[in-house]
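Since the model is a prediction, treat every value here as computed from it, not as a measurement. Naming: A, B, ... by sequence-line order, numbering from 1 per chain.
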Amino acid sequence: MKPTYKTGLAAAAVTVLPSLAFAQEAAPGFDEIGPYIMTTLLFCMAGFLVFFMAAGFAMLEGGLVRSKNVTMQMTKNIGLYSFAAIMYWLIGFNLMYPGDSWIMAGWVGPFFSQTVLDPVGVAAAEADLGYASIGSDFFFQLVFVAATASIVSGALAERIKLWPFLAFVVVLTGVLYPISGSWQWGGGWLAEMGFSDFAGSTVVHSVGGWAALAGAIILGPRIGKYKDGRVNPMPGSNLALATLGTFILWLGWFGFNGGSQLALGSIGDAADVSRIFANTNTAAAGGALAALILTQVVYGKVDLTMVLNGALAGLVSITAEPLTPGLFMATLIGAIGGVIVVFTVPMLDRMKIDDVVGAIPVHLFAGIWGTIAVLLTNSDATFFGQIASIVIVGVFVVVTSALVWVILKATMGIRAPEEDEIAGLDAAELGMEAYPEFGKGSQIT
Amino acid sequence: MKPTYKTGLAAAAVTVLPSLAFAQEAAPGFDEIGPYIMTTLLFCMAGFLVFFMAAGFAMLEGGLVRSKNVTMQMTKNIGLYSFAAIMYWLIGFNLMYPGDSWIMAGWVGPFFSQTVLDPVGVAAAEADLGYASIGSDFFFQLVFVAATASIVSGALAERIKLWPFLAFVVVLTGVLYPISGSWQWGGGWLAEMGFSDFAGSTVVHSVGGWAALAGAIILGPRIGKYKDGRVNPMPGSNLALATLGTFILWLGWFGFNGGSQLALGSIGDAADVSRIFANTNTAAAGGALAALILTQVVYGKVDLTMVLNGALAGLVSITAEPLTPGLFMATLIGAIGGVIVVFTVPMLDRMKIDDVVGAIPVHLFAGIWGTIAVLLTNSDATFFGQIASIVIVGVFVVVTSALVWVILKATMGIRAPEEDEIAGLDAAELGMEAYPEFGKGSQIT
Amino acid sequence: MKPTYKTGLAAAAVTVLPSLAFAQEAAPGFDEIGPYIMTTLLFCMAGFLVFFMAAGFAMLEGGLVRSKNVTMQMTKNIGLYSFAAIMYWLIGFNLMYPGDSWIMAGWVGPFFSQTVLDPVGVAAAEADLGYASIGSDFFFQLVFVAATASIVSGALAERIKLWPFLAFVVVLTGVLYPISGSWQWGGGWLAEMGFSDFAGSTVVHSVGGWAALAGAIILGPRIGKYKDGRVNPMPGSNLALATLGTFILWLGWFGFNGGSQLALGSIGDAADVSRIFANTNTAAAGGALAALILTQVVYGKVDLTMVLNGALAGLVSITAEPLTPGLFMATLIGAIGGVIVVFTVPMLDRMKIDDVVGAIPVHLFAGIWGTIAVLLTNSDATFFGQIASIVIVGVFVVVTSALVWVILKATMGIRAPEEDEIAGLDAAELGMEAYPEFGKGSQIT
């Protein structure tokens, strides 16, 4: 409730009393509560930035699909975020951070235990003064799982049906991501093995990428994409929207990487968060420029979609270690991510794996690169720890998600009927066009 | 002025001296000034998030109107925000928070008294250390009043003329909203009656909703909307834009509800803000999923515009009490908001009340529900206090805004000429199309 | 790396130890480290807001060009941001803030010295406790230089080739902007002369505006823009996008001006930041309303693009002094900015200077006005200091940027071939349309 601004000194005092009380009774002063407040604020701020990445993914994907599938892509994106939020609350968070008795306690016991927040107005004595509030930590973790699911959404666009896609999201965000995530951030065996993945090149991006790869193979390419040995381009319907999405994702990444410092209460932590901001930014610039220059050199024309994906690949690449590199190494790591995108997008097409928005090159291939690149600047990381973890997470996610895709295929069916795909999922499955008044100029089957 | 970074130690010291001085002279240390700084920061941060909701409303409405009225909708939205900002500075803020001598002093005395900010570089001794800076409080309150006006803009789209709409906004934001708001947040009789409305399900959203309802009835439906006993669908022209608007609004709501904690300087307040973030997020997810599932079940097809409005209704529903619920109750409260939207959108159509974007179901009906739902988790709220306040605010806003609408109708006229409405307000009233190059495929009268 | 949430007390303690250690060893407490942390946070937060202005410029420009040049405009915007980020790291930052031995040391010595961030986990003893972390300061300064380059992008749209434009950006962001910026914010002769430009009406906006003006004259107008003594309107293709861009820029400006307080660690600084927020907001509202009313009065119709540019001109106008005005003066200063736009946009057309998006009126003319308006409220500013600095910066930027434009014209050529311009740069130079499926209704050459 808002205070009664001017008359309301009494009311306002109620709110303020706790903190004044600290000072007066020599109870915890700002020296002791400052770090908790700052880190809680960091999580809230970084959390809303990462939340906004949901809009970024939606715009990026909505801009890169054809106009006949835009309503569907919007529906999938708001649906996946919502299901991710619910599943991570019901199952995921406690499964991923299972507490003292890891593995079985985490697995069996709190499997269905929901997240419980700090009580209203929690007292300093009951709070974890060395960290942050549960609500802020939970919210920050929650928005990460949604990013993972968004990756899958883009790769499988334009041909997967709505409900099987959402069913996969439920399993991915409630179970698969939390399990592999717990191995690293929950203090599991990868963490013990010395695996280093600061903000999730592997834990978030590759997991989404592997799940998308499994899905793309099982689902098959769009009708007409690979015909008579040729790759049939199916240009995105709205590159302004795709560019907006990329900028929103770039913005969100400051929260994604910066918030993963997990602390803002000391000089070192504050400086580190800002260091991460600078590195994240320059890696994205490096990735964008690498793609800009490379597409000019290789194809004789700059390719905007490659530049957008180059920036995103730069961001994914720096995510495993945005803290230890200097600006030069961060730029280089990001630039190599951009190079990877330019060469692997056509590679996937040659393999007839149809990834509509380039999510697999950006999130999986650049994610692997970023995870290896940790070795360049962080001496705590080991070659074995990084490679083994990439492989272990990859095998786990590919096997389990393939299993889920196959089960969904056998039960609900995952692929839209051929006539629906040709007509567009918007008209056929949802009965609602995204741009009902914009004439169709050069629509491609 | 920026400091001269490296040479500028002397210059920088000037800025820093005050705070160093505190430490050296044993003047107020961070224990005493920390809460003020943190709460001021909270208001600034929450304020820019809520400001951005102006863009969210513009995109949502611009996506849900037909392309021939998009320029007008953009003009109305930037115009209403600007008028709201000026009116709230000139009249509204002091009218809403009238200070010690409530009612008449607030009404007569400072009626035309403008808001005056803290002096530049205000000293700690002159600042309200138990709260926050006037500038931050004023800015945070100001962005709320703009949200109220945006609600009206969407409901009355596609047929109201620009200037009468803006004239209504002037009265709403300068006088009507501040008066009913003062009854609650200004320490007036609803507050004394025990009414509980944390961030404004009633004070903001229902007020906008009631004003929109009065306007929609007096203005009448769009030409051809209800013809021969049938409801003629008039699909939105750009669902990608509408989805973007929804995500922006969702983002802004973290500031809307989180900032309404009005304090960030203690452990309890920081934890509460994060608790509000988590609850706000899950309520939106609950509302979106309820609409997603319900439209599938009821209509056999998921309806994206219902899902978007479902998320928004979830947000409105949790706004009256985003703090005390746990995650389960917050999800449930939001989900019921989504259900309300799915059932009341067609209900309004049956009553031939033409609400172009669904603003009345989302902001009024879900706002009423959210205000009642406070009773589920906040034992300080009373059934009488909630219900009486809903009715009192409703009667006040409906009567006064109907009066304003009727006066505007009798003087300026509020409705665009029939031929303008058919041609589109963009071409007819503004002479400027929003999408002059996009062919018109299936335009509907 | 994320802590192992529940099991991870030991791991979390590692992070927290430094700050706890402070308390226990009577090492620097929050009284001493609080201001550094708060200011570092201010720079990070303001920095991400200003970063997002890159998206704002892209959307504004993308909405105001014709659809055949949208892909190019997107490419230029993400390209310019990326080049700005790299150049400012490699050269610009150290050139602009050259340290103790100004001028020659800054010019010759560190010319190619890259920015070096604070070490990871910098100790309090090594940090500049009176200011903020290098990473945060660098990031905040970096996003400003990108804004400067964006201004040029809009004015020269629809006819300049990609690579010469990017080449100009490299020089502007790496050398020109840092040099003139160093005269003021780097502690150079303009600063010593008493020039006052809080957040950069001249240092950022006019610099971009002058460079754009020089470019627009040398480049010449678009084909068909001025024909037979008439000005041929070439309406923007997407006014919803342009409106979104304006709102994003408005949002970013809270960081632009608010962050330029450069401190958040004292009562006075926190209150000042919020004062700047309130003034920035009201100046934008004043500019928008001035344009809204004036276009109605002068042309008989409200002109949305003028309203958008009016808001932006209000923001530019208040940027030189967002702190000292009260709300009335801030509104007035912004409103005059809006008036300037309405009268100078057609003036440029009469001079046959083709500025596609109105960047020169908004950023240059309103920037000059804002720089002079400092005299209205800040008694430290002198008439001579303001006027002389406007002239000095103007002459410097016009001469140097004209030189660069002429060299580029003589070497790479800056203007797209006539047939490319007519066909649209998207198809001709990039081979990729932004909206390949939206029928072309009333395309204008």
Side-chain angles (χ1 to χ4, degrees), chain A residues 1-8 12-13 15-16 18-19 23 29-30 33-34 36-37 40-41 44 47-48 51-52 54-55 58-59 62 70-71 74-75 78-79 82 85-86 89 114-115 117-118 120-124 127 133 135-136 138-139 162 241 430-432 434-440, chain B residues 30-32 34-35 38 66-67 97 99-100 102 130-131 137 185-187 191 196 198 235 237-240 243-244 247 251 254 260 262-268 270-275 277-278 281-282 285 288-289 292 301-302 304 307 311 323-324 326-328 331 438-443:
Chain A
M1 192 198 309
K2 310 214 173 187
T4 54
Y5 171 58
K6 284 163 188 165
T7 54
T15 311
V16 174
S19 50
F30 232 80
I33 68 172
Y36 176 96
I37 295 175
T40 296
L41 176 62
C44 287
F48 75 64
F51 159 79
F52 201 41
M59 296 304 110
V70 170
T71 302
M74 297 298 118
T75 308
I78 194 165
S82 301
I86 301 298
W89 150 52
Q114 305 163 19
T115 305
L117 305 175
D118 286 313
V120 175
V122 62
S133 75
S136 67
F138 166 67
F139 176 62
L162 175 62
L241 216 57
L430 300 178
M432 187 179 283
Y435 311 113
E437 300 178 36
F438 300 163
K440 305 297 181 290
Chain B
F30 232 80
D31 277 358
E32 282 166 76
M38 295 308 295
R66 289 163 295 174
S67 60
Y97 297 100
D100 294 319
W102 200 77
Y131 189 45
D137 185 42
W185 293 339
S196 182
F198 193 95
S237 55
N238 193 332
L239 298 191
T243 304
L244 175 65
F247 275 120
L251 172 70
F254 293 117
S260 294
L262 303 176
L264 189 64
S266 71
I267 293 290
D272 282 358
V273 169
S274 73
R275 197 180 155 95
F277 270 55
N281 188 64
T282 207
L289 291 189
L292 187 86
K301 281 179 182 175
V302 170
L304 174 61
V307 177
L323 177 59
T324 53
L327 290 168
F328 173 75
T331 309
F438 299 163
K440 305 298 179 289
S442 58
Q443 205 163 352

(request) For B/Leu289 and A/Gly79, work out which heavy atoms get closest and say how close. (result) CD2-O, 4.1 Å
(message) Out of A/Ala434, A/Gly47, A/Ser136, A/Ala54, return the one with the most heavy atom pairs under 4.5 angstrom to chain B.
(response) A/Ala434
(request) Give the C-alpha distance, both sets of side-chain angles, the deciding distance and a yes or no for side chain to side chain contact (heavy atoms under 4.5 Å, CB included) between B/Leu327 and A/Leu117. (result) CA-CA 8 Å; B/Leu327 290 168; A/Leu117 305 175; 4.0 Å; yes
(message) Report which part of A/Thr40 has an atom under 4.5 Å of a heavy atom belonging to chain B: side chain, backbone, both, or neither.
(response) side chain
(message) side chain to side chain contact (heavy atoms under 4.5 Å, CB included) for B/Leu304 and A/Leu430? Distances and angles first, verdict last.
(response) CA-CA 8 Å; B/Leu304 174 61; A/Leu430 300 178; 5.7 Å; no
(message) With a 4.5 angstrom heavy-atom cut-off, is it the side chain or the backbone of B/Thr331 that approaches chain A, or both, or neither?
(response) side chain
(request) Could you tell me whether the side chains of B/Ser274 and A/Ser133 share a donor-acceptor contact shorter than 3.5 Å? (result) yes
(message) Using every non-hydrogen atom in the two residues, find where A/Asp118 and B/Ala271 come nearest and quote the distance to one decimal.
(response) OD2-CB, 4.4 Å
(message) Counting only non-hydrogen atoms closer than 4.5 Å, does A/Phe138 touch chain B with its backbone (N, CA, C, O), its side chain (CB onward), both, or neither?
(response) side chain
(message) Less than 4.5 Å apart, side chain to side chain, heavy atoms only: is that true for A/Phe139 and B/Phe254?
(response) yes
(request) State the OG1-CG distance between B/Thr243 and A/Leu241, to the nearest 0.5 angstrom. (result) 9.5 Å
(request) Flag the pair B/Leu292 / A/Thr75 as yes when at least one side-chain heavy-atom distance between them is below 4.5 Å, and no otherwise. (result) yes
(message) Check whether B/Asp272 reaches the backbone of A/Val120 with its side chain - one donor and one acceptor, N or O, closer than 3.5 Å.
(response) no
(message) On a heavy-atom basis, which atom in B/Val273 and which in A/Cys44 lie closest, and how many Å separate them?
(response) CG1-SG, 4.5 Å
(message) For a quick test of reading the model, state the closest non-hydrogen atom pair linking A/Ile33 to B/Gly265 and the distance between them.
(response) CD1-O, 3.8 Å
(message) A side-chain contact here means heavy atoms from C-beta on lying under 4.5 Å apart; do A/Val70 and B/Leu239 qualify?
(response) no
(request) Considering non-hydrogen atoms only, spot the tightest contact between B/Asn238 and A/Phe438 and give its length. (result) ND2-CE1, 4.4 Å
(message) Can you tell me which portion of A/Leu41 sits under 4.5 Å from chain B's heavy atoms? Options are side chain, backbone, both or neither.
(response) side chain
(message) Would B/Arg275 and A/Val122 count as a side chain to side chain contact (heavy atoms under 4.5 Å, CB included) here? Give the steps.
(response) CA-CA 11 Å; B/Arg275 197 180 155 95; A/Val122 62; over 6 Å; no
(message) Looking at every heavy atom in both A/Ala127 and B/Ile267, which two are closest together, and how far apart are they?
(response) CB-CG2, 3.6 Å
(request) Calculate, to the nearest 0.5 Å, the distance between atoms OG1 and CZ belonging to A/Thr115 and B/Phe328 respectively. (result) 14.0 Å
(request) Please state whether the side chain, the backbone, both or neither of A/Met59 comes within less than 4.5 Å of a heavy atom of chain B. (result) side chain
